[in-house]
Protein chains: 2
Amino acid sequence: MAQITMEPDISVCAHANLRKAMRSVSQTYDAALKPSGLRATQFTLLAVLNNRGPMPLTQLADIVVVERTTLSRNLKPLERDGFVDSRPTADQRVRELVITRKGREVLKKAIPHWQEAQNRLRKKLGQAQWVDLLGALSATVDATQT
Amino acid sequence: MAQITMEPDISVCAHANLRKAMRSVSQTYDAALKPSGLRATQFTLLAVLNNRGPMPLTQLADIVVVERTTLSRNLKPLERDGFVDSRPTADQRVRELVITRKGREVLKKAIPHWQEAQNRLRKKLGQAQWVDLLGALSATVDATQT
DNA sequence: CTAAGAAAAGTGTATATACACATAAGAAGG
DNA sequence: CCTTCTTATGTGTATATACACTTTTCTTAG
């Protein structure tokens, strides 16, 4: 006999657990990055722009899997602080995002702190669980994006 | 020779990947819960209050691993809509949170939609990866909370 | 008992997030 | 060409998130 209605078991909810882990990890990474002045989310955006070169908003949104309109707003502080610049393109609808010299500098300063946060968590988890985590997250994104 | 400075490999960043997966999964669950009128985050809070009974704010914050001040604000819409009530206790500093009858009703209505989102994702991931995901997230919370 | 310290909760401010809707510009068909 | 469709982006509104700081109330040392 199947249960009819009941108490939803939140301990096996993918959403609740993802959110919980996200909050916990975000606090860790944000704290580690604090000396650099960057938030972890901002670090990610700068790193992508640095590694992959200038690109339009929509492309960046696709890469990091952020809603386009969210990204538009996330860029505000980075533009305000002069870490990211946007320049017009031939297609006048498109604005191409570029990391500035100042942006590269703050990124460079932040990298050791990010690395430190990475190392600490990887050590705490152990290599096997670290790999599991990244694998499971990747599979989850794939499963929800299609 | 170790690398000196370089491009941080965001594809192996626990934070970036967690955040990415969170966004993707949140959108899925929020969409599924839409007919109920609840956000996935709100569903989680109601479910905990329903399953574990009334409790003070701080305790709920500990359980769901949300910053206390965040939770305080997350409860606002639920109180406004009459899904959660807060009542004074002997200790006048404490306000005890209670799910209301209306809250239980909306929760009940939301459960099938939540279940549906759960099932869909579990099916897409497969049982093995589903278990991996929940295990990895749990381990991650443990690793960052200590 | 009272003063010092701890605990529970709220506020100010800032970022992060996304849906619904709006705008503007390029592309495509006739 | 011009209308229609599509693409790139922005705005309005609302929730989610957390740090620093404040307030109120208990608790505890003396």
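Quick note on labels: first sequence line is chain A, next is B, and so on, each numbered from 1. Predicted, not measured: the structure shown is a model, and the values here were computed from it.
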Interatomic distance where CD belongs to A:Gln42 and C1' belongs to C:dT17 [whole Å]: 14 Å
Candidates C:dA6, D:dT9, D:dA16 - which lies nearest the side chain of B:Thr41: D:dA16
Backbone of B:Glu96 reached by a side-chain donor or acceptor of B:Ser86 within 3.5 Å: no
Positions of residues 138-146 of chain B (non-hydrogen atom under 4.0 Å from DNA chain C), listed by number: none
Contact under 4.0 Å: A:Gln92 side-chain N or O vs C:dG26 OP1/OP2: yes
Short N-O contact, A:Glu79 and A:Arg87, less than 4.0 angstrom: no
Note: A:Glu105-A:Lys109 ion pair, threshold 4.0 Å (strictly below): no
Interatomic distance, B:Lys34 NZ vs C:dC19 C1' [rounded to whole Å]: 6 Å
Between P of C:dA16 and NZ of B:Lys20, the distance in whole Å: 17 Å
Whole-Å distance separating the CG atom of A:Asp30 from the P atom of D:dA20: 11 Å
Atom pair distance, as rounded to whole Å: CZ in B:Arg95 and C1' in D:dT25: 16 Å
Below 4.0 Å: OP1/OP2 of C:dT17 and any side-chain N or O of B:Arg19: yes
Under 3.5 Å: donor-acceptor pair, side chain of A:Gln42, backbone of A:Arg39: yes
Contact check, side chains of B:Ser138 and B:Val141, non-hydrogen atoms, under 4.5 Å: no
Between CE on residue A:Met22 and OG on residue B:Ser26, distance to nearest 0.5 Å: 7.0 Å
Any A:Arg23 side-chain nitrogen or oxygen under 4.0 Å from OP1 or OP2 of D:dT17: yes
Distance, rounded to the nearest Å, where B:Leu18 contributes CG and C:dT17 contributes C1': 16 Å
Between C1' of C:dA9 and CD of B:Glu79, the distance in whole Å: 12 Å
Residue whose closest nucleotide on DNA chain D lies nearer the 5' end, A:Arg39 versus B:Ala90: A:Arg39
Nearest-nucleotide 5' precedence on DNA chain D, B:Arg93 against A:Ser24: A:Ser24
Length of the line joining A:Leu38:CG and C:dT15:C1', which is rounded to integer Å: 13 Å
Proximity to DNA chain C (any heavy atom under 4.0 Å), residues of residues 53-78 of chain B only: B:Pro56, B:Leu57, B:Thr58, B:Arg68, B:Thr69, B:Ser72, B:Arg73
Exam field: side chain A:Ser24 to backbone A:Ala21, donor-acceptor pair closer than 3.5 Å: no
Other residues, nucleotides, ligands: >12 heavy atoms within 6.0 Å of A:Arg80 CZ: yes
Heavy-atom pair with the smallest gap, counting every atom of A:Ala40 and A:Asp30: N-OD1, 2.8 Å
Presence of A:Gln27 side-chain N/O under 4.0 Å of D:dA18 phosphate oxygens OP1/OP2: yes
Enclosure of B:Arg52 CZ (heavy-atom neighbours >12, cutoff 6.0 Å): no
Residue A:Val94, side-chain heavy atoms: nucleotide from D:dT24, C:dA25, D:dT9 that is nearest: D:dT9
